Amino acid sequence: MKKIDHIGIVVKSIKDALKLYNDLLGLEITGEEILEDRGLRVAFIKAGDTRIELLEPLNDNSEVSGFLAKKGEGMHHIAYEVENVEEIIKNAKKLGLKPLSDEPKNGAHNTKVVFLHPKTTNGVLVELVEHQ
Ligand SMILES: CC[C@@H](C(=O)O)C(=O)SCCNC(=O)CCNC(=O)[C@H](O)C(C)(C)COP(=O)(O)OP(=O)(O)OC[C@H]1O[C@@H](n2cnc3c(N)ncnc32)[C@H](O)[C@@H]1OP(=O)(O)O
Ligand SMILES: [Co+2]
């Protein structure tokens, strides 16, 4: 594991959330992306050597709609940058840490990602990210 790649936060509106990250803290958006297949508008904000990932649902079928409906806005996941996501999936299984897919999926900004089920990772949704 190289570092915390980003901290994912679900928000109703990225624009509204910028009052804190941009207006108050002076942090800039370093990359915004629409992920249609995931129903997500995503904005990355550089914060020191890690990033905040703001996740806004595009529609009711978004990957974060259920979370937003049940828990409201808030902390969603912690992403760790790894070297070899395929390798880490195999090791996670051996350790009883449940990957949510057997193969990595495409993440934001040309990455391969896999998530570990929060019920096997002390209640925190963990994302493992390999930058291409
Ligand atoms: C932009 C792309 C990518 C990147 O490149 O960075 C992203 O970050 S995409 C981020 C959004 N996508 C995902 O999160 C995909 C992986 N997540 C999932 O597959 C699901 O969210 C889940 C984790 C499997 C949960 O889905 P589901 O089982 O349908 O929801 P439930 O409400 O039934 O939850 C079951 C259980 O898990 C607890 N839970 C749910 N979400 C979280 C969470 N974010 N953190 C911690 N715990 C979570 C939930 O509370 C339930 O527990 P109990 O209530 O005790 O049963
Ligand atoms: Co993420």
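Heavy atoms only: backbone and side chains are in, while hydrogens, waters and symmetry mates are out. These figures come from a predicted structure and were not determined experimentally. Ligands are counted one by one from 1 in listed order, and the atoms in each one are counted from 1 as well.
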Colleague: In Glu53, the N, O or S atom nearest to the Co ion (ligand 2) is which?
Modeller: OE1
Colleague: Would you verify that at least one protein heavy atom lies under 4.0 Å from atom 53 (P) of ligand 1, or report that none does?
Modeller: yes
Colleague: What atoms of ligand 1 come closer than 4.0 angstrom to any heavy atom of Gly123?
Modeller: 46 (C), 47 (N)
Colleague: For Gly8, is the nearest heavy atom under 4.0 Å from an atom of ligand 1?
Modeller: no
Colleague: So, for atom 7 (C) of ligand 1, does the protein have a heavy atom nearer than 4.0 Å?
Modeller: yes
Colleague: Within a strict 4.5 Å, meaning less than it, do heavy atoms of the Glu87 and Asn91 side chains meet?
Modeller: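 Result yes, sub-4.5 Å side-chain heavy-atom pair found.
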Colleague: Using a distance threshold of 4.0 Å (strictly less than), state whether atom 11 (C) of ligand 1 has a protein heavy-atom neighbour.
Modeller: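 Looking at atom 11 (C) of ligand 1, one finds that a protein heavy atom does lie closer than 4.0 Å.
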Colleague: What protein heavy atom sits nearest atom 41 (N) of ligand 1, and how far away is it?
Modeller: Phe67 CD1, 4.0 Å
Colleague: Below 30° counts as parallel, above 60° as perpendicular, anything between as tilted: where do the rings of His76 and Phe67 land?
Modeller: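 The arrangement is perpendicular - the two ring planes meet at more than 60°.
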Colleague: Does an N or O from Ala108, backbone or side chain, lie closer than 3.5 Å to an N or O of ligand 1?
Modeller: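 Such a contact does occur with ligand 1.
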Colleague: State the atoms of ligand 1, each with its element, that fall below the 4.0 Å cut-off from a heavy-atom position in His6.
Modeller: 6 (O)
Colleague: Taking Thr121 for its side chain and His117 for its backbone only, find out whether a donor-acceptor pair lies under 3.5 Å.
Modeller: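 It does hold such a pair.
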Colleague: Between Thr111 and ligand 1, does any nitrogen or oxygen pair lie at a separation below 3.5 Å?
Modeller: no
Colleague: The Co ion (ligand 2) and Glu127: any N/O/S contact shorter than 2.8 Å?
Modeller: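 Of the N, O and S atoms in Glu127, at least one lies under 2.8 Å from the Co ion (ligand 2), which means yes.
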Colleague: A quick test of your reading: do over 12 heavy atoms of other residues, nucleotides or ligands sit less than 6.0 Å from CG of Asp37?
Modeller: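 Buried by this count: over 12 neighbours within 6.0 Å.
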Colleague: Which of the numbered atoms in ligand 1 are under 4.0 angstrom from any heavy atom belonging to Leu35?
Modeller: 1 (C), 2 (C)
Colleague: Report yes or no: does His77 have an N/O/S atom closer than 2.8 Å to the Co ion (ligand 2)?
Modeller: yes
Colleague: Check each heavy atom of His76 against ligand 1 and say whether those closer than 4.0 Å belong to the side chain, the backbone, both or neither.
Modeller: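 Looking at His76 and ligand 1, atoms from backbone and side chain both fall under 4.0 Å.
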Colleague: Is atom 19 (O) of ligand 1 near the protein, in the sense that some protein heavy atom lies at less than 4.0 Å from it?
Modeller: yes
Colleague: Knowing that exactly one of Leu18, Leu25, Leu24, Leu20 qualifies, which makes a side-chain contact (heavy atoms from CB on, under 4.5 Å) with Asn22?
Modeller: Leu18
Colleague: Show which atoms of ligand 1 fall inside a sub-4.0 Å distance from at least one heavy-atom site of Gly107.
Modeller: 5 (O)
Colleague: Taking Val129's backbone N and O only, do any of them form a donor-acceptor pair with Glu81's side chain (distance below 3.5 Å, no angle check)?
Modeller: no
Colleague: Near Lys70, which atoms of ligand 1 are under 4.0 Å from a heavy atom of that residue?
Modeller: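 Here the atoms of ligand 1 in question are 31 (P), 32 (O), 33 (O).
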Colleague: Output the list of atoms in ligand 1 that are nearer than 4.0 Å to some heavy atom of Val42, sorted by atom number.
Modeller: 1 (C)
Colleague: For ligand 1, is Lys71 a contact, meaning one of its heavy atoms is under 4.0 Å away?
Modeller: yes
Colleague: Heavy-atom count check: over 12 atoms from other residues, nucleotides or ligands less than 6.0 Å from Gln132 CD?
Modeller: yes
Colleague: Taking atom CG of Asn122 as the centre, does the number of heavy atoms from other residues, nucleotides or ligands within less than 6.0 Å exceed 12?
Modeller: no
Colleague: Is the closest protein non-hydrogen atom to atom 47 (N) of ligand 1 under 4.0 Å?
Modeller: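 Protein heavy atoms within 4.0 Å of atom 47 (N) of ligand 1 - there is at least one.
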Colleague: Hey, are Glu32 and Arg41 close enough for a salt bridge, meaning a charged N less than 4.0 Å from a carboxylate O?
Modeller: yes
Colleague: Which residue supplies the protein heavy atom nearest to atom 3 (C) of ligand 1, what is that atom called, and how far is it?
Modeller: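 Going atom by atom, the protein heavy atom closest to atom 3 (C) of ligand 1 ends up being Glu127 OE2, 3.6 Å.
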Colleague: What protein heavy atom sits nearest atom 25 (C) of ligand 1, and how far off is it?
Modeller: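 The closest one turns out to be His117 NE2, 4.8 Å.
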Colleague: Inspect the surroundings of CG in Asp102 and state if more than 12 heavy atoms from other residues, nucleotides or ligands are less than 6.0 Å away.
Modeller: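 Counting neighbours around CG of Asp102, 12 or fewer heavy atoms of other residues, nucleotides or ligands fall under 6.0 Å, so no.
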Colleague: Would the distance check show the side chain of Ser62 and the main-chain N or O of Gly39 forming a donor-acceptor pair, the cut-off being under 3.5 Å?
Modeller: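 Yes.
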Colleague: Kindly state if atom 28 (O) of ligand 1 has a protein heavy atom within a strict 4.0 Å cut-off, that is, under 4.0 Å?
Modeller: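 Answer no: nothing from the protein, no heavy atom, is under 4.0 Å.
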Colleague: If you have a sec, work out which protein heavy atom is nearest atom 17 (N) of ligand 1 and how many Å separate them, to one decimal?
Modeller: Leu100 CD1, 4.0 Å
Colleague: Please answer whether the main-chain N or O of His131 pairs with a side-chain N or O of Thr111 as donor and acceptor at a distance below 3.5 Å.
Modeller: no
Colleague: Is Asp49 salt-bridged to Lys3, cutoff N-O under 4.0 Å?
Modeller: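 Salt bridge: no.
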Colleague: Identify, for atom 39 (N) of ligand 1, the protein heavy atom at the shortest distance, and state residue, atom and that distance.
Modeller: Pro118 CG, 3.9 Å
Colleague: Test your reading of the model: is there a side-chain donor-acceptor pair from Lys46 to the backbone of Gly48, 3.5 Å cut-off?
Modeller: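 Yes; judged by distance alone, with no hydrogens or angles, the pair exists.
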Colleague: So, the side chain of Ser65 versus the backbone of Asn59: is there a donor-acceptor pair under 3.5 Å, distance only?
Modeller: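 Here the side-chain-to-backbone pair exists.
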Colleague: Quick one: does any side-chain atom of Glu33 pair with a main-chain N or O of Ala108 as donor and acceptor, under 3.5 Å?
Modeller: no
Colleague: State whether the shortest distance between N or O atoms of Lys119 and N or O atoms of ligand 1 falls below 3.5 angstrom.
Modeller: yes
Colleague: Using a 4.0 Å cutoff against the non-hydrogen atoms of His77, which atoms of ligand 1 qualify?
Modeller: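 With His77 as reference, the close atoms of ligand 1 come out as 8 (O), 10 (C).
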Colleague: Side chains of His77 and His6: donor-acceptor distance under 3.5 Å anywhere?
Modeller: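 Side-chain D/A pair, His77 to His6: present.
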Colleague: Short check: is a protein heavy atom less than 4.0 Å from atom 14 (O) of ligand 1?
Modeller: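 True for atom 14 (O) of ligand 1.
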Colleague: Please list, in number order, the atoms of ligand 1 under 4.0 Å from a heavy atom of Leu125.
Modeller: 14 (O), 23 (C), 43 (C), 44 (N), 45 (N)
Colleague: Considering only protein heavy atoms, determine whether one is less than 4.0 Å from atom 31 (P) of ligand 1.
Modeller: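 For atom 31 (P) of ligand 1 the answer is yes, since some protein heavy atom falls inside 4.0 Å.
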Colleague: Between Glu56 and Lys15, is the salt bridge (Lys or Arg N to Asp or Glu O under 4.0 Å) condition met? List the steps.
Modeller: CA-CA 10 Å; Glu56 177 188 326; Lys15 186 170 169 294; over 6 Å; no
Colleague: Can you report which non-hydrogen protein atom sits closest to atom 9 (S) of ligand 1, along with the distance?
Modeller: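 The answer is Arg38 NH1, 3.3 Å.
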